[in-house]
Amino acid sequence: MTGQPAAPGGEDRQGAPHPGAATGRPLLPGQPGRPDVFTFGETMVALRGSGPLKLGGTMNVSIAGAESNVAIGLARLGHHVRWAGAVGEDEAGQLVLRTLRAEGVEISGAAADPGAPTGLLLFEPRLPEVTRVHYYRAGSAGSRLTAEVIQRAFSAAPPRVLHLTGITPALSPTARSAAWCALQLARENGSLVCLDVNFRARLWTAEEAAEVLREWIPAVDVLIASDDELPLCLPGGGGGAGSPPPLPPPEVVADDATAAVATQARLLLDHGVGEIVVKLGAAGATAFTPSGALHQPAKTVRAVDAVGAGDAFVAGYLSALLDGEGAAGRLDRAVTTGAFAVASPGDWEGAPTRSELGMLGAPPGTVVR
């Protein structure tokens, strides 16, 4: 659907037969030197306070960015991941690149912009389960990402999977062109395309997002979205004339809301998307494919920080997809990696390694020696 067909049957990285994804098109076989996943976007320096910012105090310094969060999650699970983006020629940019390199993410496609700073992100915990996020990314190096940077990074080693989010095209016209360039390159090289909608109301309106996402949908193999993001992807979506009906309000009974999501997922399948994965937070996730729907409850953990859970979910899903797992295995790994994120502070710091995936099943008080 995104271009040339893969080798018959497909293979995993070790050369074993690949059972094929529910997208209807098997993954390209792994090749030495070529990444499993290529992704790109803006990664910022992240400062996390312990309370209201106006009161001052200490802050923890890290990095954050939806695409790099996914890249780190995949790298910790043993996959070859390449990240591209632009950072400033500053100490903040060096922190971004150093952290990604230390986490095993390939950054040879990254660029340094001498004319703009690295973006900044402030996290402000206000209530035990409410965090405010403040962005300082207007005019940043990451927002000035160009198609030329992405073309060089992608063409150097076409990946098996291209992972996109709806954040990058919201940053600027040049970043939007870079994302479109990546979609075209994926089509030409037969890379499977995964899109996580990740709608950010502070970056663009629903109407602006829907206009771009509707254009992208025919090239998408795996669409990942929360239930309230699905309408943005439907033909005519975004709230204007001819829009599909919105999801039912919370007071509507659960069965009706579930039926609305299923109807929207079927419409997207009819428009060529191979697989739709709907993130439902504490209710788990549901995958819709041409062969039916499958629901996976969330893993029960003590919630510490919900930030980054969606990116961890995507990393787990793509990891299992690359491993040749069926829909049940993909969902199970996704909710597992998402649970690790919720149970740990930070955007990506709690992402598990492959050997840690089974730890959620351990009884309370377990000590691993």
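If you chain together hydrophobic residues whose side chains sit under 4.5 Å apart, Leu164 and Ile72 never meet in one group. A continuous path of ILVMFWY side-chain contacts below 4.5 Å connects Phe199 to Trp216, so both sit in one hydrophobic cluster.
Between the side chain of Glu208 and the backbone N or O of Thr205 there is at least one donor-acceptor pair closer than 3.5 Å. Between the side chain of Thr263 and the main chain of Ala259, a donor-acceptor pair closer than 3.5 Å is present. Checked by atom type and distance alone, the side chain of Asp221 pairs as donor or acceptor with a backbone atom of Val193 at under 3.5 Å. In this structure a side-chain-to-backbone donor-acceptor pair under 3.5 Å is missing from Ser191 to Val161. Listed for the His295 side chain is a donor-acceptor partner under 3.5 Å among the backbone atoms of Ala285. Between the side chain of Ser155 and the main chain of Arg152, no donor-acceptor pair closer than 3.5 Å is present. Proximity of a side-chain donor or acceptor of Thr337 to a complementary backbone N or O of Ala312 within less than 3.5 Å is detected. A donor-acceptor pair under 3.5 Å links the side-chain atoms of Glu229 to the main chain of Ser226, judged by distance alone. Using a distance-only test at 3.5 Å, with no hydrogens or angles considered, no donor-acceptor pair links the side chain of Ser344 to the main chain of Ala341. Not one N or O on the side chain of Asp332 forms a donor-acceptor pair closer than 3.5 Å with the backbone of Ala328.
In this structure, Gln264 CD and Leu232 CG are separated by 10.0 Å, a value rounded to the nearest 0.5 Å. Rounding to the nearest 0.5 angstrom, the gap separating the OG atom in Ser291 from the CD atom in Glu275 is 9.0 Å. A distance of 5.5 Å separates OG1 of Thr43 from CD1 of Ile63, quoted to the nearest 0.5 Å. In this structure, the separation between SG on Cys181 and CD1 on Ile150 is 7.5 Å, given to the nearest 0.5 Å. Note that CG of Leu192 is 8.5 Å distant from CG of Leu28, once rounded to the nearest 0.5 Å. Put simply, OH on Tyr135 and CG on Leu171 are 10.0 Å apart, with the number rounded to the nearest 0.5 Å.
Residues Ile276 and Val273 are in side-chain contact: their nearest non-hydrogen atoms beyond the backbone lie under 4.5 Å apart. Counting heavy atoms from C-beta on, the side chains of Arg34 and Pro159 never come closer than 4.5 Å. A heavy-atom distance below 4.5 Å is not found between the side chains of Val45 and Leu121. Within the 4.5 Å cutoff, side-chain heavy atoms of Leu331 are placed close to those of Val277. Taking the side chain as every heavy atom from C-beta outward, Leu223 and Ile217 approach each other to under 4.5 Å. Within the 4.5 Å cutoff, side-chain heavy atoms of Leu318 are placed close to those of Cys194. With contacts defined as side-chain heavy-atom distances shorter than 4.5 Å, the pair Leu280/Asp227 qualifies. Residues Arg333 and Arg354 form a side-chain contact, since some pair of their non-hydrogen atoms from C-beta on lies under 4.5 Å apart.
For residues 104-116, the side-chain hydrogen bond (donor to acceptor under 3.5 Å, both in side chains) pairs, not counting sequence neighbours, are His80-Glu106, Arg82-Glu106, Glu106-Ser108, Asp113-Arg144. Sorted by first and then second residue, the side-chain hydrogen bond (donor to acceptor under 3.5 Å, both in side chains) pairs involving residues 92-103 (not counting sequence neighbours) are Arg76-Glu103.
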Between side-chain atoms of residues 50-61 and protein atoms elsewhere (two or more places apart, or another chain), which donor-acceptor pairs fall under 3.5 Å?
none

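For the pairing with Phe154, the ring pair (Phe, Tyr, Trp, His ring centres under 6.0 Å) check across Phe40, Trp83, Phe38 returns one residue only, Phe38.
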If you apply the rule side chain to side chain contact (heavy atoms under 4.5 Å, CB included), what do you find for Leu195 with Ile224, and how did you get there? CA-CA 6 Å; Leu195 169 63; Ile224 301 178; over 6 Å; no
How far apart are the C-alpha atoms of Val222 and Tyr317, what are their side-chain angles, what is the distance that settles it, and do they pass the side chain to side chain contact (heavy atoms under 4.5 Å, CB included) test? CA-CA 10 Å; Val222 179; Tyr317 199 87; 4.3 Å; yes
Please assess Lys279 against Asp228 for the test salt bridge (Lys or Arg N to Asp or Glu O under 4.0 Å), listing each intermediate value before the final yes or no. CA-CA 10 Å; Lys279 296 179 289 186; Asp228 58 348; over 6 Å; no
Applying side chain to side chain contact (heavy atoms under 4.5 Å, CB included) to Asp196 and Asp311, what does each step give before you reach the verdict? CA-CA 9 Å; Asp196 183 4; Asp311 301 328; 4.3 Å; yes
Tell me, with the steps shown, if Arg126 and Thr131 meet side chain to side chain donor-acceptor pair (under 3.5 Å). CA-CA 6 Å; Arg126 288 301 289 120; Thr131 298; over 6 Å; no
Between Val70 and Thr39, is the side chain to side chain contact (heavy atoms under 4.5 Å, CB included) condition met? List the steps. CA-CA 8 Å; Val70 172; Thr39 190; 5.6 Å; no
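The two residues Ala111 and Val149 make their nearest non-hydrogen contact at CB-CG2, 4.1 Å. Looking at every heavy atom in both residues, Leu162 comes nearest to Ala186 through CD2-CB, 3.8 Å. Annotation for Thr174 and Ser143: closest pair OG1-O, 3.6 Å, computed over non-hydrogen atoms. Considering every non-hydrogen atom in both Leu269 and Gly274, the closest pair reads CD2-O, 3.7 Å.
For the residue pair Asp90/Thr118, the side-chain donor-acceptor check at 3.5 Å is satisfied. With 3.5 Å as the limit, one finds no donor-acceptor pair spanning the side chains of Arg137 and Ser140. No side-chain N or O of Glu67 forms a donor-acceptor pair with one of His163 less than 3.5 Å apart. For the residue pair Glu42 and Thr168, no side-chain donor N or O sits within less than 3.5 Å of a side-chain acceptor on the partner. For the residue pair Thr286 / Gln296, no side-chain donor-acceptor distance below 3.5 Å is found, with atom types taken as modelled.
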